[in-house]
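Inspection log for the structure reproduced underneath, given as structure tokens.
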Amino acid sequence: MDTQFLYTFVNVVDRGSMAAAARFLNITPAAVAQQIRTLERELGVALIARAGRTVCVTEEGARILQRTRDLLRDVSDLRSVANDRAVAGELRLGACPTALAGMLPDVLARMVTTLPQINVFIKPGYSAELYTEVEQGNLDAAIVLQAPFALPKTCNWEVLREEPLVVLAPQHMAHRDPHELLASEPLIRYDRHQWGGRQADDYLRRVGIAPRERFELNALNAIAVMVDRGLGVSLVPDWAQPWPAGVRLARIPLPEPAEPRRIGIVWSNASVRSRLVAALREECRATARRHVDEAAMRE
């Protein structure tokens, strides 16, 4: 059985049509259809039900879908296990929204240059769910916020960046006291139900500020744009660039100590791709150091 045909089957299911799978695989739709028919003959069951231009997986296809994904992952791992010299294979990586837009592109740019034999599967998500994916072995590592709980012994954590809380305000308010801003101006609240927003909420409670809330959301770039448009101020971690283009904001330090938000990497000790994870960690450290140096030069 040709594993490429199995890969085609998974892509047809994931992309919902043979035409979409063909575009992704850079082959013709006829070739995709031929590979699926060959696979169905070998297995003796129909895997795909065709309905016009779209397809859906049959009951028989659904039964083997997850095992097919696992098999393809194991095949990809053979390069990592068998190759004694080169760092190669597939790395399965998660990233929270802040890392996905900020640190991760720079990390990957360095990795694909120095390690051309790797390929990376990236799963975006919130930190809590990505910790679970790493713990269950579905991901090798994830760049996430520091967890507010102890990790199992099967996982390790390394901090890469600390982000102190700052008051985000329109540029013309840069001279004002940060506590006075939080108490008097409408607050665009960083979602207190998420890990990052809880630290801001804890600070407001500790210093006794009851803000006049206007909006609450878990999207830092959107918060920056809303502050720039004069909709209020916000209490957020001083997250890494890039920021939305064209915004003119003041980032005002707090007068009282506050726990920073920490971003780092969590990885599984059980991963067979330990060399890939080690290379990832090294590139993450180098990128984090460079971001700190660039921020210092901008100040």
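Keep in mind that the numbers below use all heavy atoms, side chains included, and drop hydrogens, waters and symmetry copies.
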message = Working note: V227 + V233, criterion side chain to side chain contact (heavy atoms under 4.5 Å, CB included); need CA distance, chi angles, decisive distance, verdict.
response = CA-CA 6 Å; V227 172; V233 300; 5.5 Å; no
request  = Could you please spell out the steps behind the salt bridge (charged side-chain N to carboxylate O under 4.0 Å, His left out) verdict for E282 and R285?
outcome  = CA-CA 5 Å; E282 180 57 38; R285 292 190 204 105; 2.9 Å; yes
query = In terms of side-chain heavy atoms, does R261 have a donor or acceptor partner in Y190 at a distance below 3.5 Å?
reply = yes
key: Sub-4.5 Å side-chain heavy-atom contact between L204 and R189   = yes
key: Beyond-backbone contact of D202 with E259, side-chain heavy atoms, under 4.5 angstrom   = no
message = Contact between F121 and L91 at the side-chain level, heavy atoms closer than 4.5 Å - yes or no?
response = no
task = Please report the C-alpha distance between E185 and R176 in whole Å, then the side-chain angles of each, then the deciding distance to 0.1 Å, and finally whether the salt bridge (charged side-chain N to carboxylate O under 4.0 Å, His left out) criterion is met.
result = CA-CA 11 Å; E185 296 294 329; R176 291 175 59 180; 3.1 Å; yes
query = Is there a donor-acceptor pair under 3.5 Å between the side chain of N11 and the backbone N or O of Y7?
reply = yes
request  = Check A49 against T58 and note the closest heavy-atom contact, atom names and distance.
outcome  = N-CG2, 3.8 Å
remark   = Closest heavy-atom pair, V159 versus R262, reported as atoms and distance to 0.1 Å, is CG2-CB, 3.9 Å
task = Nearest 0.5 Å please: distance from the CD1 atom of I265 over to the CD1 atom of I263.
result = 12.5 Å
message = Strictly below 4.0 Å, N to O, side chains only: are R110 and D106 in salt-bridge contact?
response = no
ask   = Is it true that a side-chain atom of E40 and a backbone atom of L47 form a donor plus acceptor pair closer than 3.5 Å?
value = yes
inquiry  = So which atom in R198 and which in P148 form the shortest heavy-atom distance, rounded to 0.1 Å?
reply    = NH1-CG, 4.2 Å
request  = Determine whether V134 and T154 make a side-chain contact, defined as any pair of heavy atoms from C-beta on separated by less than 4.5 Å.
outcome  = no
query = Under a 4.5 Å cut-off applied to non-hydrogen side-chain atoms, are I64 and F9 in contact?
reply = yes
note = Of all heavy-atom pairs linking A174 and I252, the shortest is O-CD1, 4.0 Å
message = Could you walk me through whether R192 and E216 satisfy the salt bridge (charged side-chain N to carboxylate O under 4.0 Å, His left out) test, starting with their C-alpha distance in whole Å, then the side-chain angles of each, then the deciding distance to 0.1 Å, before giving a yes or no?
response = CA-CA 8 Å; R192 76 196 90 182; E216 183 169 0; 2.9 Å; yes
request  = Indicate the atoms forming the closest heavy-atom contact of V57 with G61, along with that distance.
outcome  = CG2-C, 3.4 Å
inquiry  = Is any side-chain heavy atom of P255 closer than 4.5 Å to one of H179?
reply    = yes
ask   = Does the side chain of L151 come within less than 4.5 Å of N156's, by heavy atoms?
value = no
Side chain to side chain, V12 and S17, heavy atoms closer than 4.5 Å = no
task = May I ask you to say whether R251 pairs ionically with D238, meaning some side-chain N is under 4.0 Å from a carboxylate O?
result = yes
query = Taking all atoms of both residues into account, what is the closest heavy-atom pair of L165 and P237, and its distance?
reply = CD2-N, 3.8 Å
task = Without swapping roles, check the side chain of R212 against the backbone of S184 for a donor-acceptor pair under 3.5 Å.
result = yes
task = For the pair D191 and H193, evaluate side-chain hydrogen bond (donor to acceptor under 3.5 Å, both in side chains) and give the outcome as yes or no after the intermediate values.
result = CA-CA 5 Å; D191 187 358; H193 300 101; 3.1 Å; yes
message = Less than 6.0 angstrom from the centroid, inside 45 degrees of the normal: does R15 satisfy that with respect to the ring of F24?
response = yes
request  = State the CG-OG distance between L139 and S268, to the nearest 0.5 angstrom.
outcome  = 10.0 Å
inquiry  = Please evaluate residues T38 and E42 with respect to the criterion side-chain hydrogen bond (donor to acceptor under 3.5 Å, both in side chains), reporting the C-alpha separation (whole Å), side-chain torsions for both, the decisive distance (0.1 Å), and the verdict.
reply    = CA-CA 6 Å; T38 301; E42 290 182 346; over 6 Å; no
request  = For the residue pair Y131 and W195, categorise the inter-ring angle as parallel (less than 30°), tilted (30 to 60°) or perpendicular (more than 60°).
outcome  = tilted
